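Quick notes on the structure that follows.
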Amino acid sequence: MSQAKELGTIVVVILKARHLHQPSFYKQDPYAQAVLSGQTQRTKPDPKGGQHPVWDEEFRFPVLADPGKDKVNRKLEVSCWKDESRADDKLLGKGIVDIESTLKTGEFDDWVPLETSGGERGELYLEMTFYANSPPPINRRPSKFKQSDRLTRPQSY
């Protein structure tokens, strides 16, 4: 069985959320979680963050090239949870970001809509940067000269 090749590292910054679902009257202590290629990382809870928490935490995930699993390895799942001290944490909303365009452009920063089975549940602001292990491809425009004419001198009149 072949091992998955690592293409590079994607840095994910979970900055903040807005309009999160608040199931109770009291201010909640929300945290965010990101999952890519089976790896899970989460922020610290924002005490009394309520519907508009701020985290500004950075996570690094390896980006793998694994034939047959690339579709799964290109989906970043983000979610927000209500931190419960005496019970299981409660899901406030989750969303999925396709990182394929980020791997091509190198950067992403935007609001990601969150939802549950009950509908839309707010948004999470993400910043992502991809650092490739290999040098970037050389994007050269095609030459105006034929290969045989590139280094020839002009004819004298």
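Nothing here was measured: the structure is a model prediction, and the numbers come from that model.
In this structure, a donor-acceptor pair under 3.5 Å is absent between the side chains of R60 and T9.
Side-chain contact between L76 and V12 is present, with heavy atoms from C-beta onward closer than 4.5 Å. Looking only at side-chain heavy atoms (C-beta outward), L124 and W111 stay at 4.5 Å or farther from each other. Residues L20 and Q28 have side chains in contact (heavy-atom distance under 4.5 Å, counting atoms from C-beta outward). You'll find the side chain of R42 reaches within 4.5 Å of the side chain of D89, heavy atoms only.
Between P62 and Q39, the shortest heavy-atom contact is CD-OE1, 3.4 Å. When all heavy atoms of W55 and C80 are compared, the pair lying nearest together is CH2-SG, 3.9 Å. The minimum heavy-atom distance linking M128 with T102 is given by the pair CE-OG1, 3.7 Å. Across every non-hydrogen atom of G50 and P30, the tightest pair is O-CG, 3.6 Å.
Each of Y125 and L114 belongs to its own hydrophobic cluster when Ile, Leu, Val, Met, Phe, Trp and Tyr are linked at side-chain heavy-atom distances under 4.5 angstrom. By the rule that hydrophobic residues join a cluster once side-chain heavy atoms approach within less than 4.5 Å of another member, L64 and L36 end up as members of separate clusters.
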Margin query: Show, in sequence, the C-alpha distance, side-chain angles and deciding distance for R74 and E100, and conclude whether the salt bridge (charged side-chain N to carboxylate O under 4.0 Å, His left out) test is met.
Written below: CA-CA 6 Å; R74 300 296 182 264; E100 194 68 43; 3.4 Å; yes

Notebook entry, point to check: Is there a side chain to side chain contact (heavy atoms under 4.5 Å, CB included) between H19 and Q51 once you walk through the steps?
Noted result: CA-CA 5 Å; H19 310 300; Q51 292 181 305; 5.9 Å; no

Check: Which is it for N133 and E6 under the side chain to side chain contact (heavy atoms under 4.5 Å, CB included) test, yes or no, and what are the steps along the way?
Finding: CA-CA 8 Å; N133 286 346; E6 190 172 318; 3.9 Å; yes

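Separating the CD1 atom in I14 from the CD atom in Q41 is a distance of 8.5 Å, to the nearest 0.5 Å. Interatomic distance, F61 CZ to I10 CD1, rounded to the nearest 0.5 Å: 9.0 Å. Distance check: S101 OG to F108 CZ gives 7.5 Å after rounding to the nearest 0.5 Å.
Checking side-chain atoms of D29 against main-chain N and O of K48 turns up a donor-acceptor pair under 3.5 Å. E57 places a side-chain N or O within donor-acceptor distance of the main-chain N or O of K44, the cut-off being under 3.5 Å. Listed for the D56 side chain is no donor-acceptor partner under 3.5 Å among the backbone atoms of L15. The backbone N or O of V35 lies less than 3.5 Å from no partner atom in the side chain of T40, so there is not a single donor-acceptor pair.
Counting non-hydrogen atoms of neighbouring residues, nucleotides and ligands closer than 6.0 angstrom, the CD atom of E120 reaches no more than 12 such neighbours. For NZ of K94, the number of neighbouring non-hydrogen atoms (other residues, nucleotides, ligands) closer than 6.0 Å is 12 at most.
Electrostatic pairing of E84 and R86 does not count as a salt bridge here, judged by no charged N lying under 4.0 Å from a carboxylate O.
Ring orientation note: the planes of W81 and Y31 are close to parallel, at an angle under 30° on the 30°/60° scale.
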